[in-house]
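Convention: sequence-line order gives letters A, B, ...; per-chain numbering from 1. Only this structure's heavy atoms are used, side chains among them; waters, hydrogens and symmetry mates stay out.
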Amino acid sequence: MKKHHITLNVNGDEYDALVEPQQSLLDVLRDKLMLTGTKEGCATGDCGACSVIVDGVLQCACLMLGVEAQGVHVETIEGMAQGSDLHPLQKAFLEFNGLQCGICTPGVLVAAKALLERNPDPTETEVRYWLAGNLCRCTGYDKLIQSVLIAAKEMRGA
Amino acid sequence: MAHDILENSGFAADRKLNIVGTSPIKHDGWDKVTGAAKFSSDLILPGMLVGKILRSPHPHAVIKSIDTSEAEKLAGVKAVVTGADFPKIKEGTPYGDMTRMVMAQEKVYHEGHPVAAVAATSEAVAKKALKLIKVDYEVLPHVIDPVAAMQPDAPILHSYMRTKGATPNDPKVSADRPSNIVERYELGVGDVDAAFKEADVIVERTFDTKPMHQGYIEPQSCVATCSEEGEIELWCCTQAPFVYRDRLSEILKVDGSKIKVQQSELGGGFGGKTAFYAEPVAIQLARKARRPVKITFTRSEVFRGTGPVSGTQSRIKIGCKKDGTITAAEAELIFQTGPYSGSAFTNAPQAMFTRYDLKNVRTVSYEVVSNRPKVASFRAPCVPQVVFGVEGIMSELANKIGMDQIDFRRKNAMADGAKTIYAETFGKIGFIETLEAAKACDHYLSPVPKGQGRGISTGFWFNRGGETSSTLNVAPDGSVTITIGTADVAGSRISISMMVAEELGIPVDKVRAVLADTHQLGFNRVTAGSRTTFSQGVVLVDCARKVIKEMAGRAARIWNVPEEGVEFSNGSFRPAGANVGEFQPLTIADIAKKTTSTEGAIAARSDMNVTGAGPGFGCHIVDVAVDEETGAVEIKRYTVVEDAGKAIHPLQVEGQFQGGAVQGIGWALNEEYIFGEDGKMQNPGFLDYRMPVASDVPNIDTVIVEVPNPRHPFGLRGVGEVPVVPTMAAIANAIGNCIGVRPQSLPMSPPRMLQWIKERDAAK
Ligand code: FES
Ligand code: FES
């Protein structure tokens with residue numbers, strides 16, 4: 001099968017990859033670049049475990065083809081902390097038990113970060129609707145939503 | 001072996017606790033918020049191949065032949081296996097069924113049943129190879145619905161199957177002819193017919209529930225390797241590494257000592273990862289290919305190929321006197337199990353009424369095979385389905401006799417020392433306290449908002465102990481590693497570390513819990529049934545006590561005083577009295593530093609079959625609104641009240657309550673397996689199998705009741721199962737109070753709600 005060469009920037013680093021035409025950005029991240037922090041729960045755009053930010057826009061990495069990722073900037077969970085300095089969202093999830101098993105957590109955190117970048121002061125309902133694309137089977141969402149609201153408050157310096 | 005701690009846990013209600021009861025950050029959390037945690041599909045090994053499974057398109061067929069020759073010739077294909085590559089084990093035996101479930105042999109029994117598998121250098125090649133495998137099927141008539149499967153003229157799945165427990169008094173079953181009814185199970189007590197005559201009010205109804213899937217977000221994935229010497233290593237997400245090892249040993253005929261199972265981080269299980277699927281297949285491929293093989297399921301494979309929970313049909317009847325005393329109860333229950341037995345259906349008759357002190361009960365239960373995926377455990381296996389019916393009748397009876405819903409349940413509540421219908425006598429239990437807390441909570445006290453309906457329900461789960469083997473090692477700097485062989489399904493490592501830290505009097509950050517592989521410890525039973533934090537607490541507190549005793553001995557020898565002259569409190573060893581002499585206290589770390597200069601390694605292990613689990617009880621209160629135009633049900637307010645015994649880590653206990661309730665909300669309102677006439681599942685994806693999302697549910701309020709279990713060092717019971725038991729019943733009761741008809745069937749999805757509303761209006 002003919003492969004395509006792409007270059008892309010992930011969390012500030014330049015990468016090259018040879019991609020089969022049917023492979024998704026999620027396959028590229030996980031299997032080619034070995035950035036396994038982004039998770040696959042469905043590969044059909046229904047669970048949000050693969051959430052990444054592509055050129056500033058929240059996306060399901062499983063719904064974008066690898067070949068489409070030529071030249072893009074991707075932000076994944078691996079780029080969220082600055083060195084050992086956790087993002088306020090990561091801290092809030094730890095402190096308020098926003099995660100149980102943790103498989104949905106990378107996707108939820110990336111999606112929540114995208115929300116707070118455009119809306120630093122969301123209501124609880126806004127958070128619930130924004131994260132409606134991220135399935136979590138463990139938490140019942142309560143502590144996950146509270147963690148996002150606490151982080152938002154912290155980031156506003158309120 | 002006798003273990004003192006099982007006789008005397010050392011529980012003291014007035015013990016001052018520094019760590020237990022707080023909510024520190026879980027140690028595994030850091031890796032989980034940064035993407036570093038290694039879940040099952042995150043392992044990549046040199047030379048690793050991709051494994052893919054070919055699945056049956058038919059729900060029921062004889063496999064006449066399989067031709068894999070073309071697939072084997074394809075460049076990049078390194079191994080192909082079929083049922084013929086597995087040791088032959090007699091059909092109808094537990095291991096015979098188990099091996100046929102992971103790879104069909106004579107017949108396929110459900111759409112999605114594995115028939116062959118390949119290992120290849122890439123996923124694309126593996127998929128291409130699957131297309132080259134030719135399977136010749138003789139298609140047979142199928143049966144999906146369990147009631148249809150019970151009829152004498154139903155297509156028979158297993159010609160060798162005869163109903164266990166058949167009795168001439170029951171025309172549904174016969175021991176003489178092949179049947180799809182695996183077992184008939186009767187359980188009861190007292191004189192039910194006479195007791196129903198004493199009742200002033202009797203309600204009898206029929207109910208049905210649909211299979212739902214556990215819905216873990218991490219699909220099953222595993223990596224198998226095999227050394228030249230035949231040693232197998234398996235990496236996978238599992239709730240039962242030791243059980244996997246032992247079953248693999250049986251079905252693959254390999255010594256257990258040659259199989260190492262290492263659990264990955266577990267991305268949700270809820271009972272669904274207590275049985276293997278791809279793992280034996282990956283191993284057979286790896287043995288043939290002599291290279292590591294990874295198999296990762298797609299979501300569609302998870303739905304079609306791994307266990308949902310049992311769907312049920314039930315007929316339930318309860319009678320009570322005007323004063324609220326229940327005189328008798330009766331139930332007939334049918335459980336679907338998929339093509340093979342193993343639904344744990346006997347839990348249901350045992351647990352369905354347990355919490356009410358009933359003297360006259362009769363239950364008959366049937367487990368039935370049909371052409372659908374084999375069921376797997378799910379929180380409180382088989383119990384929520386039947387409590388859905390029981391608690392509907394309880395609410396109806398309370399209304400009929402004009403009694404408050406909680407008072408009616410309180411009137412019949414089991415108290416300490418109550419005897420169950422399965423002949424267990426309870427010790428200290430907290431059902432009454434749970435009901436009292438529910439009655440006193442803000443939700444129950446506040447009026448039902450206009451246009452809404454309120455429902456309540458209660459639930460029970462046994463909680464479990466079981467075989468547990470762990471070690472505790474003290475490093476020379478005084479920090480502590482505990483090695484555990486149970487799985488961590490939602491944060492048990494931190495709760496277990498907290499109990500160890502509390503016992504040793506050291507900060508919790510000085511304790512690390514490590515998930516062992518199966519070579520490192522003795523047998524550990526499956527992590528299920530709310531047994532893990534309870535059992536590990538017992539076993540590791542036992543280890544901590546052994547280490548304290550060992551260190552006290554060393555302190556005595558350092559001070560040159562008798563051992564009785566040393567006492568331990570708050571993390572330090574001190575002289576037990578002035579007569580022992582004047583010595584500076586020695587901390588755990590002080591003595592650990594002298595590891596080499598004293599007698600060497602300071603460590604303990606404890607292996608036991610833990611007993612003393614304390615039963616758990618809960619009460620849920622829910623308010624709903626129903627849109628009569630669309631049939632949509634909105635959960636407006638939800639409160640979970642449950643006895644935890646002792647909440648070791650309250651934030652995690654609340655998380656269990658909330659997560660269980662929301663899974664129950666999904667089961668109540670939307671989730672179901674939908675099959676077409678062709679016997680194929682029509683909704684094997686998250687778009688059509690709709691689990692609750694964040695905007696579907698409100699915050700879930702929690703009330704933690706703490707009636708300590710004196711058989712545990714800190715009073716813990718177990719909190720994982722009960723939260724899903726009352727949910728569907730509570731929601732159905734709330735809907736009933738809102739629209740005037742109490743649903744008797746799940747799910748209560750919009751089209752079905754509209755149908756019931758239409759029927760209600762037509763009956764007016
Ligand atoms: S894996 Fe992309 S949405 Fe589920
Ligand atoms: S924490 Fe397990 S799925 Fe969200």
Participant: With a 3.5 Å distance limit and no angle check, can you tell me whether B:R304 reaches the backbone of B:M681 through a side-chain donor-acceptor pair?
Facilitator: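 Absent.
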
Participant: Could you check whether any side-chain N or O of A:D16 sits under 3.5 Å from a backbone N or O of A:H5, counting only pairs where one atom can act as donor and the other as acceptor?
Facilitator: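 Checking the backbone N and O of A:H5 against the side chain of A:D16, no donor-acceptor pair under 3.5 Å is found.
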
Participant: Under a 4.5 Å heavy-atom cut-off, does chain B meet the side chain of A:L99, its backbone, both or neither?
Facilitator: both

Participant: For the interface with chain B, which of A:G37, A:A49, A:A132 has the highest count of heavy-atom pairs at distances below 4.5 Å?
Facilitator: A:A132

Participant: Looking at A:E78, A:K143, A:R128, A:M34, which makes the most heavy-atom pairs under 4.5 Å with chain B?
Facilitator: A:R128

Participant: Is chain B contacted by the side chain of A:L109, its backbone, both, or neither, given a heavy-atom distance below 4.5 Å?
Facilitator: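 For A:L109, the side chain is the part near chain B, not the backbone.
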
Participant: Please look at B:L266 and chain A and tell me whether the side chain, the backbone, both or neither of the residue comes under 4.5 angstrom of a heavy atom of that chain.
Facilitator: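 The answer is the backbone of B:L266.
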
Participant: Tell me which of these, A:G48, A:G140, A:C101, A:A81, has more heavy-atom pairs under 4.5 Å with chain B than the rest.
Facilitator: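 Greatest number of close heavy-atom pairs with chain B: A:C101.
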
Participant: Heavy-atom cut-off 4.5 Å, strictly under: side chain, backbone, both or neither for B:F657 against chain A?
Facilitator: neither

Participant: Distance under 6.0 Å and angle within 45° of the ring axis: does B:K273 meet both against B:Y216?
Facilitator: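 Yes, a cation-pi geometry.
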
Participant: At a heavy-atom distance under 4.5 Å, which candidate from B:E218, B:K26, B:E265 has the highest pair count against chain A?
Facilitator: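 The option with the most such pairs is B:K26.
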
Participant: Can you tell which of B:G666, B:P24, B:G267 has the highest number of heavy-atom pairs within less than 4.5 Å of chain A?
Facilitator: B:G267

Participant: Does the side chain of A:Q146 pick up a donor-acceptor pair with the side chain of B:N699 at under 3.5 Å?
Facilitator: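 The criterion, which ignores hydrogens and geometry beyond distance, is satisfied for B:N699 and A:Q146.
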
Participant: Applying side-chain hydrogen bond (donor to acceptor under 3.5 Å, both in side chains) between B:Q656 and each of B:R379, B:E642, B:E721, report the one that passes.
Facilitator: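 Testing B:Q656 for a side-chain hydrogen bond (donor to acceptor under 3.5 Å, both in side chains) against B:R379, B:E642, B:E721 leaves exactly one candidate, B:R379.
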
Participant: State whether a side-chain donor-acceptor pair under 3.5 Å links B:Q652 with B:S495.
Facilitator: yes

Participant: Could you tell me whether the side chain of B:E301 and the main chain of B:T298 form a donor-acceptor pair under 3.5 Å?
Facilitator: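 Answer holds: yes.
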
Participant: Could you have a look at A:K91, A:M80, A:K39 and say which one has the most heavy-atom pairs with chain B under 4.5 angstrom?
Facilitator: A:K39

Participant: Relative to chain B, which segment of A:E124 carries a heavy atom at a distance below 4.5 Å: side chain, backbone, both, or neither?
Facilitator: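 Side chain only.
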
Participant: If I measure from the heavy atoms of chain B, does A:L89 come under 4.5 Å with its side chain, its backbone, both, or neither?
Facilitator: neither

Participant: Determine the interplanar angle of the B:F303 and B:Y689 rings, folded into 0 to 90°, and report it as parallel if under 30°, tilted if 30 to 60°, perpendicular if over 60°.
Facilitator: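 Taking B:Y689 first and then B:F303, their aromatic rings sit tilted (interplane angle of 30° to 60°).
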
Participant: Contact part of A:T44 toward chain B, heavy-atom cut-off under 4.5 Å: side chain, backbone, both or neither?
Facilitator: neither

Participant: So, A:D142 and B:Q658: side-chain donor and acceptor under 3.5 Å apart, yes or no?
Facilitator: yes

Participant: Where on B:V697 is there a heavy atom nearer than 4.5 Å to chain A: the side chain, the backbone, both, or neither?
Facilitator: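 Answer is both: backbone and side chain atoms of B:V697 are under 4.5 Å from chain A.
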
Participant: Using heavy-atom distances under 4.5 Å, tell me whether A:A43 contacts chain B through its side chain, its backbone, both, or neither.
Facilitator: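 Neither the backbone nor the side chain of A:A43 comes within 4.5 Å of chain B.
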
Participant: If I take atom OG from residue B:S221 and atom CH2 from residue B:W235, how far apart are they, to the nearest 0.5 angstrom?
Facilitator: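 That separation rounds to 9.5 Å.
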
Participant: Looking at chain A, which one of B:G660, B:P698, B:A36 has the largest number of heavy-atom pairs inside 4.5 Å, strictly under?
Facilitator: B:P698

Participant: With a 4.5 Å cut-off on heavy-atom pairs, point out which of B:G685, B:S300, B:S41 contacts chain A the most.
Facilitator: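 Top count of heavy-atom pairs under 4.5 Å with chain A: B:S41.
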
Participant: Check whether B:A37 gets within reach of chain A through its side chain, its backbone, both or neither, counting any heavy atom under 4.5 Å.
Facilitator: backbone

Participant: Is there a side-chain contact between A:P106 and A:T38 (heavy atoms, below 4.5 Å)?
Facilitator: no

